[in-house]
2 protein chains.
Amino acid sequence: MGQQNLIKELENRAISPTAMRLLVLDQLKKASVAMSLADLEIALDQADRTTIYRSLKKFEENKLIHSIEDGTGSVKYALCESNCQCTPEFTHAHFHCNNCEQTFCLRNVHLPDLSLPKNFVAENSSFVIKGRCDHCR
Amino acid sequence: MGQQNLIKELENRAISPTAMRLLVLDQLKKASVAMSLADLEIALDQADRTTIYRSLKKFEENKLIHSIEDGTGSVKYALCESNCQCTPEFTHAHFHCNNCEQTFCLRNVHLPDLSLPKNFVAENSSFVIKGRCDHCR
DNA sequence: GTTCTTGCAAAATATTTGCAAGACG
DNA sequence: CGTCTTGCAAATATTTTGCAAGAAC
């Protein structure tokens, strides 16, 4: 495990594995929940917000992570599956706990065919379910 | 049509029908798409942002409208159906056009049973599909 | 030396609150 | 009078950009 794997994951997405990016990726992997920019800034207390921000943008652009708007007012980020393509067929579903405010990625949520209005074309989608997580109910 | 109906709609939700609130509701009804606070501020150029903001909060609190995070960075608002309860069974689905940046409410989108992790309880949910609308494809 | 990355500062954008004046009952 | 509503101002939060110094190749 460890550093070498992280480096590989970045390189697989054509991202230079700099020290800062490794820290950000490491933190995202360690977290079981989606993290906001502010969350990461706190977790990596040595790091500059802008640098984390640009790391996240780069990661997202290269499909290493995806962003989630869970209704808290700040965008959260979470790792994509290795084969993630962020297409409608691979909709990212997330669960936001209204009590502890954590946002979980839900894998394997199967969504049905979408019956969109005529001539509307889906490119991707996001599904956020809100409620109580197992610790907070 | 008109003023009397708007007044009734507010009163049905236990909202005092003030002049400003009628303007905001009227605008939301006229718009075929979801509107942000900034959108409303422009549309109702005589109105103060704070007043619109508080109208929207009141409307949302009393379930006259619902809010949507469509990924643009600003929250949008749209009218609820008259029988809307904003529960998981009545999930609000929306379509955001990546080209013209408009957000449409999708009625009658049927979502499947959600297979949540054990002990997770859904209270409501939001589903945003992104792509191209009929005018922009 | 040229490109990429980082960190500080600051701008831009969005949301929210404080407070006093006014409207309403 | 007392509560609700409004509008201005300002605070807060969040995201984004400019720029120069430093690192990487």
Side-chain angles (χ1 to χ4, degrees), chain A residues 3 6-7 9-11 13-28 34-62 64-78 96 101 103 126 128, chain B residues 3 6-7 9-11 13-27 34-62 64-78 96 101 103 128:
Chain A
Q3 208 70 346
L6 295 179
I7 292 174
E9 287 190 50
L10 289 176
E11 288 176 339
R13 297 284 180 176
I15 302 165
S16 312
T18 67
M20 281 302 311
R21 287 170 182 167
L22 288 168
L23 280 177
V24 174
L25 176 57
D26 186 45
Q27 183 59 50
L28 286 175
M35 299 182 78
S36 68
L37 177 56
D39 292 337
L40 281 161
E41 198 182 356
I42 292 166
L44 309 173
D45 51 19
Q46 65 274 42
D48 182 74
R49 187 169 8 111
T50 309
T51 305
I52 301 172
Y53 171 76
R54 286 196 261 237
S55 296
L56 292 171
K57 284 296 178 188
K58 185 83 178 171
F59 289 2
E60 188 181 14
E61 192 181 322
N62 292 23
L64 178 61
I65 65 176
H66 58 264
S67 59
I68 310 139
E69 306 220 20
D70 59 12
T72 57
S74 50
V75 180
K76 301 255 174 83
Y77 298 89
H96 178 74
E101 300 289 321
T103 297
S126 128
V128 179
Chain B
Q3 209 69 347
L6 294 179
I7 291 174
E9 287 189 49
L10 289 177
E11 288 176 340
R13 298 285 180 174
I15 302 166
S16 311
T18 67
M20 281 302 312
R21 287 170 181 167
L22 288 168
L23 280 177
V24 174
L25 175 57
D26 186 45
Q27 183 59 49
M35 299 183 79
S36 68
L37 177 56
D39 292 337
L40 281 161
E41 200 183 354
I42 292 167
L44 309 172
D45 50 21
Q46 64 273 40
D48 181 73
R49 187 169 8 111
T50 308
T51 305
I52 301 172
Y53 171 78
R54 286 196 260 238
S55 295
L56 291 172
K57 285 294 177 188
K58 184 85 179 170
F59 289 3
E60 188 179 15
E61 193 181 323
N62 292 24
L64 178 61
I65 64 176
H66 58 264
S67 59
I68 310 139
E69 305 220 19
D70 60 12
T72 57
S74 51
V75 181
K76 301 257 173 82
Y77 299 88
H96 177 74
E101 301 288 321
T103 297
V128 179

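Proteins come first, then strands; the chains are lettered A, B, ... in the order of their sequence lines, and each starts at number 1.
- At distances below 3.5 Å, not a single donor-acceptor pair connects side-chain atoms of A/N62 with backbone N or O atoms of A/L64.
- For the pair B/E11 CD and D/dC4 P, the computed distance is 16 Å after rounding to whole Å.
- B/R21 contributes a side-chain N or O that, together with a main-chain N or O of B/S16, makes up a donor-acceptor pair within less than 3.5 Å.
- The distance between atom CD of A/E69 and atom C1' of C/dT15, rounded to the nearest whole Å, is 14 Å.
- Looking only at distances, no side-chain donor or acceptor of B/D26 sits under 3.5 Å from a matching main-chain atom of B/L23.
- Using a 4.0 Å heavy-atom criterion, one finds that A/R21 contacts the sugar-phosphate atoms exclusively.
- With rounding to the nearest 0.5 Å, the separation of OH in B/Y53 from CG in B/L40 is 14.0 Å.
- The side chain of B/D48 sits closest to D/dC8 out of D/dC8, D/dT5, D/dT17.
- Counting non-hydrogen atoms under 4.0 angstrom, A/S74 reaches the backbone sugars and phosphates but no base.
- For the pair B/I15 and A/T72, both in contact range of DNA chain D, the more 5′-proximal nearest nucleotide belongs to B/I15.
- The interatomic distance linking B/K76 (NZ) with C/dA14 (C1') rounds to 13 Å, in whole Å.
- In terms of polar N and O atoms assigned as donor or acceptor, the side chain of B/T50 comes within less than 3.5 Å of the base of D/dA9 in a complementary pairing.
- Just one residue in the list B/L44, B/T51, B/L6 forms a side-chain contact (heavy atoms from CB on, under 4.5 Å) with B/V24, and that residue is B/L44.
- A/M35 places its CE atom 14 Å from the P atom of D/dT14, with the value rounded to the nearest Å.
- One can place CZ of B/R49 at 10 Å from P of C/dA14, the figure rounded to the nearest angstrom.
- In this structure, A/L40 places its CG atom 13 Å from P of D/dT14, rounding to the nearest Å.
- Between A/R54 and C/dT6 there is no side-chain polar atom (N or O) within less than 4.0 angstrom of OP1 or OP2.
- Comparing D/dT6, D/dT17, C/dT17 against the side chain of B/Y53 picks out C/dT17 as the nearest.
- Ranking C/dC4, C/dT16, D/dT17 by closeness to the A/S16 side chain, first place goes to C/dC4.
- Distance CD (A/E61) to P (D/dT15): 18 Å, rounded to an integer number of Å.
- The side chain of B/T51 places an N or O atom within less than 4.0 Å of a non-bridging phosphate oxygen (OP1 or OP2) of D/dG7.
- For the pair A/E41 CD and D/dA13 C1', the interatomic distance rounds to 12 Å; values are reported in whole Å.
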